[in-house]
Amino acid sequence: MLDIKFIREDAETVKKALARRGADAAQIGSVVEADKKRRAIIQEVEGLKAENNRASSEIAKMKKEGRDASGAIAGMKAVTDKIKALDSELSSIEARVNETLLGLPNIPHGSVPDGADDKSNKLILEWGEKPSFSFKPLPHWEIGEKLDILDNDRAAKITGARFTVYKGAGALLERALINFMLDIQTREHGYTEVAPPVLVNRASMTGTGQLPKFEDDSFKLAEPDWFLSPTAEVQVTNMHREEIIPAAKLPIYYAAYTPCFRKEAGAHGKDTKGIIRMHQFNKVELVKFVLPETSFDELEKLLKNAEEILKRLNLHYRVMLLCAGDTGFASAKTYDIEAWQAGAEAYREVSSCSNFTDFQARRASIKYRGADNKPVFLHTLNGSGLATSRLLPAILEAYQTKDMEVIVPEVLRPYMGGIDRITKK
RNA sequence: GGAGAGAUGCCCGAGCGGUUUAAGGGGCACGCCUGGAAAGCGUGUGUGCUGAAAGGUACCGAGGGUUCGAAUCCCUCUCUCUCCGCCA
């Protein structure tokens, strides 16, 4: 959420920034108007309330002294009615202002390039090399089927399209990846592991920015008013919702493994094979709560922490800086890490690392106590570290052999009972 | 799922329609005292909104209602605890 005070004082800057990402800047004018009205009503109604309070204690005193207060009481009725009317007008204006603010995206950082879509994203770095093969490498869905480790057909029987069953060495590999990633992030990069609920309430979804705009993208329970979390960002960021954290405790780093659930409503016919785009997938998420002045440095560190996983797995990848138009709703700056899928011959996003500045902190009311003891919104960041549904395909494709086996990357072997390859059973 | 109890400031805890602009205690901060400390004494100690400021206003789990006036009465909801049932 953007700060209404900032919008009020510098509407032009906000309009320009929103235009960069293709957001509707016309709402800025009307929200500034509504805010002006809001403040005028506050001044009026609070004056009446002050008068009301004075009269009330006067009445109390008269009653105590045994005098007749009926005249004073009768006089208060009109003031109270006026207060009620103004209060209800005020709350409808506040609701309108709030609704508009909740619908406005974050302002892209100055270092974010212009552009409308992913074609304008900027290549930041490439690491490693595409593996070369003496044969035609297969896409992961064919490998998964031949080795009998991924079974989308049976998942469809259980649930429907866009689910998979990990089987045998596939299930083991999935579990190994999760443990490997968590161990690196917690033991070497200083993150504290958390294992949160996967069902989340409306306030949490609003706090991180999934709601109100993107309700249709989420799986929602009929009862109660809960959602299947689309990313652990929601749970972990909202752990500190409505809290004031002592500055000395910052920065806070969390790593969480959770299943994630997405409707993929706009993706009909896209990525229908394999496990690239599932309704349910596993992800280790990294979340940071930091001092505002450090957040862009923290973003660079977060990116490095996520990259480390790919380096240890020796997988070729590139890092893209997203342009203004491709940057997510809540983010001020986002890097995507794209791993090379050797069989499908494409780069696929395995991680997205974002600095949300104070956008989520303001929605969720997460503050720290500054030097002058005043509560200040802190900055939140998060990044995948990483998503297994993208990582596991990259591994299968990069490590496949001519004899239809998959070599287990060395760093994963301790997590897989020491086996060095996945073979057909 | 059934029955009951509860939710008050950083913590404990009073409060049962009008000097509560929330008693009292503890903690914490600062000051006095001290060679230094403890004890003691004094002062202070929330958040939001509004306002240039002084100040004003709202908030006693959340949301409604009754009343001139609600922490206090009524309704709905959420959460916690105890017992019963069911259960990994």
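Nucleotides G63(B) and G9(B) have their P atoms positioned 15 Å apart, rounded to a whole Å. Rounded to whole Å, the P atom of C11(B) lies 15 Å from the corresponding atom of C28(B). Comparing the P positions of G69(B) and A58(B) gives a spacing of 12 Å, expressed to the nearest Å. Remark: the separation of the P atoms in U76(B) and A3(B) is 14 Å, to the nearest Å. Comparing G27(B) with U21(B), their C1' atoms are spaced 24 Å from each other, to the whole Å. Taking atom C1' in both A71(B) and U8(B), the straight-line distance is 7 Å, to the nearest Å.
The shortest heavy-atom contact between Q185(A) and N305(A) is NE2-O, 3.0 Å.
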- Note on the structure: 5' to 3', nucleotides 50-57 of chain B under a 4.0 Å protein heavy-atom cut-off (B base, S sugar-phosphate only, - none) gives SS----BS
- Message: Generate the contact string for nucleotides 68-78 of chain B. Rules: B means base contact, S means sugar-phosphate contact only, - means no protein heavy atom under 4.0 Å.
- Response: BS---------
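Across the protein-nucleic acid pair, D87(A) atom CG and G64(B) atom C1' stand 14 Å apart, rounded to whole Å. Rounded to an integer number of Å, the gap from CZ of R241(A) to P of A62(B) is 14 Å.
Atom OH in Y415(A) sits 12.5 Å away from atom CZ in R175(A) (nearest 0.5 Å).
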